Amino acid sequence: MLDHRQAGPTALRMQIGARLRRLREEKGIGRAEAGAAIRGSASKMCRLELGRHGFKVRDVLDLLDLYGLDDEAERESFIELVKEAKRPGWWQSYGDVVPGWFEQYVGLEQSATTIRAYEVQYVPGLLQTFDYARAVIGLEHYDAAYDGLDRRLKVRMARQDVLRRPVSPLRFWAVIDEAALRRPIGGTTTMRAQIEHLITVSELMPNVKVQLLPFAAGGHLALGGPITIVRFAEHDLDDVVYLEQLTGARYPEGKEADRYKEIMDSLAIRAASPARTIVLLKEMLKDF
């Protein structure tokens, strides 16, 4: 079970939803019937069970009644989780610069044990240097006021703390397309420092694995955009596939999600090994 002291509200909601889904399925109750029990619909139940909607204590108790769960200790366990999940994560104080669709992902990221990511446009946010991140955010939000840019930068840098957690730091496995490293974001000095940072984390952080996908690898199915796969310690929680777009994000499920996992596996096979990547990055420095 997830440690409530470390898990963020998003992962806790997912845990509650997974436990409720298991109880519902054990009783052979459909989502429509369960939704009606909490004055909602089947679609609301779907969102709840996926952890994409906040829980009310009353609704959880009504569902437990419907599912015939009368064990007081288990009922109290559910209520404790609901209360914990209502506590805001640190990133929620930046709601003015973190859109709702991205806030959910940050919540997943902060509670994950492992994240696998493929990037074609930029260096992954968790591995960006301060100056590189500032340049990227400046491009993405060129019309924002300075304080907005500054607050976005603070969020991006704070997100990286998961890599340095004293207990169970996030395991991050990034496949970066060569195009992202050949594009001089922020100028040559910034780009050189960014590549040096990738070399440093690759050599010194055992929980970070970086693979370069060179142009020589040819075309592949992920050229359309980034892919992120989030994994949690709780065995009842499925991996989450996250596809970020310009002004939103998608979370494919079922066979579509499985397809993206297969694509990620193929990218890791075609990319240079972590050791070879360090050599290639050092060679790349000569061009900056």
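Please read all numbers here as calculations on a predicted model, not as lab measurements. The figures that follow rest on heavy atoms only: side chains count, while hydrogens, waters and symmetry mates do not.
Applying the side-chain hydrogen bond (donor to acceptor under 3.5 Å, both in side chains) criterion to D239, with sequence neighbours excluded, gives R231. With sequence neighbours left out, the side chain to side chain contact (heavy atoms under 4.5 Å, CB included) criterion links Q121 to R183. With sequence neighbours left out, E140 forms a side-chain hydrogen bond (donor to acceptor under 3.5 Å, both in side chains) with no residue at all. Taking E256 as the reference, R250, P252, Y260 meet the side chain to side chain contact (heavy atoms under 4.5 Å, CB included) condition, with sequence neighbours excluded. Looking at residues two or more places apart in sequence or on another chain, you find a side-chain hydrogen bond (donor to acceptor under 3.5 Å, both in side chains) between E253 and R52.
Under the 4.5 Å side-chain heavy-atom criterion for Ile, Leu, Val, Met, Phe, Trp and Tyr, F130 and L149 are members of the same hydrophobic cluster. Taking hydrophobic clusters as Ile, Leu, Val, Met, Phe, Trp and Tyr residues chained together by side-chain heavy-atom distances below 4.5 Å, F232 does not share a cluster with L50. No continuous path of hydrophobic side-chain contacts links V279 to L213 [ILVMFWY only; heavy atoms under 4.5 Å]. When hydrophobic clusters are built by joining Ile, Leu, Val, Met, Phe, Trp and Tyr residues whose side-chain heavy atoms come closer than 4.5 Å, directly or via intermediates, F288 is grouped together with L280.
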Inset, instruction - Run the numbers on L212 and R276 for side chain to side chain contact (heavy atoms under 4.5 Å, CB included), then give the verdict. - result: CA-CA 9 Å; L212 176 67; R276 176 60 179 163; over 6 Å; no
Inset, instruction - Please test D161 against R165 for side chain to side chain contact (heavy atoms under 4.5 Å, CB included), starting from the C-alpha separation and ending with a verdict. - result: CA-CA 6 Å; D161 288 345; R165 287 189 301 227; 6.0 Å; no
Inset, instruction - Please step through salt bridge (Lys or Arg N to Asp or Glu O under 4.0 Å) for the pair D150 and R134, ending with a clear verdict. - result: CA-CA 8 Å; D150 184 56; R134 181 169 55 188; over 6 Å; no
Inset, instruction - Report the C-alpha separation of L170 and L126 in whole Å, then their side-chain angles, then the decisive distance to 0.1 Å, and conclude whether the side chain to side chain contact (heavy atoms under 4.5 Å, CB included) test is met. - result: CA-CA 10 Å; L170 175 74; L126 291 181; 3.7 Å; yes
Inset, instruction - Report the C-alpha distance between W90 and Q110 in whole Å, list the side-chain angles of each, state the deciding distance to 0.1 Å, and finish with yes or no for side chain to side chain contact (heavy atoms under 4.5 Å, CB included). - result: CA-CA 10 Å; W90 63 262; Q110 296 296 298; 3.1 Å; yes
Inset, instruction - Evaluate the salt bridge (Lys or Arg N to Asp or Glu O under 4.0 Å) criterion for residues R116 and D265: first the C-alpha distance (whole Å), next the side-chain angles of each, then the deciding distance (0.1 Å), finally the verdict. - result: CA-CA 10 Å; R116 301 174 65 193; D265 290 339; 2.9 Å; yes
Legend entry - Evaluation steps, side-chain hydrogen bond (donor to acceptor under 3.5 Å, both in side chains), between W101 and E244: CA-CA 9 Å; W101 59 266; E244 186 171 323; over 6 Å; no
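Side chains of P169 and L163 form no contact here, defined as non-hydrogen atoms less than 4.5 Å apart. Between L181 and L198 the shortest side-chain heavy-atom distance falls below 4.5 Å. Contact check for Q160 versus Q128: side-chain heavy atoms found under the 4.5 Å cut-off. Within the 4.5 Å cutoff, side-chain heavy atoms of Y251 are placed close to those of Q104. Using a 4.5 Å heavy-atom threshold, the side chains of I185 and T190 count as separate. Contact of the I227 side chain with the L243 side chain is registered, since non-hydrogen atoms from C-beta on lie closer than 4.5 Å. Inter-residue side-chain proximity for V201 and F172 is flagged as unmet; no heavy-atom pair is nearer than 4.5 Å. At a threshold of 4.5 Å between non-hydrogen side-chain atoms, the residues D287 and R182 count as touching.
Closest heavy-atom contact between G51 and R13: O-NE, 3.1 Å. L127 approaches H197 most closely through the heavy-atom pair O-CD2, 3.1 Å. Residues A272 and T277 approach most closely at O-OG1, 3.3 Å, considering heavy atoms.
In this structure, the side chain of E178 engages the main chain of F215 through a donor-acceptor pair within 3.5 Å. In this structure a side-chain-to-backbone donor-acceptor pair under 3.5 Å is present from Q194 to T129. Side-chain atoms of R31 never come within 3.5 Å of backbone atoms of A42 as a donor-acceptor pair (strictly under, hydrogens ignored). A donor-acceptor pair is defined here as one N or O able to donate and one able to accept, closer than 3.5 Å; no such pair exists between the side chain of K56 and the backbone of I38. Remark: side-chain polar atoms of D177 are not paired, donor with acceptor, to backbone N or O of A180 under 3.5 angstrom. With hydrogens and angles disregarded, a donor-acceptor distance shorter than 3.5 Å links the side chain of R192 to the backbone of L285.
To the nearest 0.5 Å, atom CG of residue L204 and atom CD1 of residue I199 are 11.0 Å apart. Annotation: the span from K154 atom NZ to S93 atom OG amounts to 10.0 Å, rounded to 0.5 Å. A distance of 10.5 Å separates CG in L281 from OG1 in T200, rounded to the nearest 0.5 Å. Taking CG of L48 as the start and NE2 of H53 as the end, the distance is 6.0 Å to the nearest 0.5 Å. Taking CZ from F102 and CZ from R152, the interatomic distance works out to 11.5 Å, rounded to the nearest 0.5 Å. Annotation: the span from Q211 atom CD to S273 atom OG amounts to 7.0 Å, rounded to 0.5 Å.
Remark: of the listed residues L267, I263, I176, L267 is the sole one forming a side-chain contact (heavy atoms from CB on, under 4.5 Å) with Y118.
Using cut-offs of 30° and 60° for the angle between ring planes, the Y132 and Y122 rings count as perpendicular.
A salt bridge does not link E283 to K286: none of the charged nitrogens lies less than 4.0 Å from a carboxylate oxygen. Under 4.0 Å is where a charged nitrogen must lie from a carboxylate oxygen, and between K282 and E203 at least one such pair does. Residues K83 and E80 are not paired through a salt bridge, judged by the lack of any N-O separation under 4.0 Å between the basic side chain and the carboxylate. By the 4.0 Å N-to-carboxylate-O rule, R24 lies close enough to E49 to be salt-bridged with it.
A donor-acceptor contact under 3.5 angstrom links the side chains of S77 and R19, judged on distance only.
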Show the atom names and distances, to 0.1 Å, of all donor-acceptor pairs under 3.5 Å that link a side chain in residues 57-68 to residues at least two apart or in another chain.
residue: D59; atom: OD1; partner: R39; partner atom: NH2; Å: 3.0
residue: D62; atom: OD2; partner: R39; partner atom: NH1; Å: 3.3
residue: D62; atom: OD2; partner: R39; partner atom: NH2; Å: 2.9
residue: D65; atom: OD1; partner: R75; partner atom: NH1; Å: 3.1
residue: D65; atom: OD1; partner: R75; partner atom: NH2; Å: 3.1

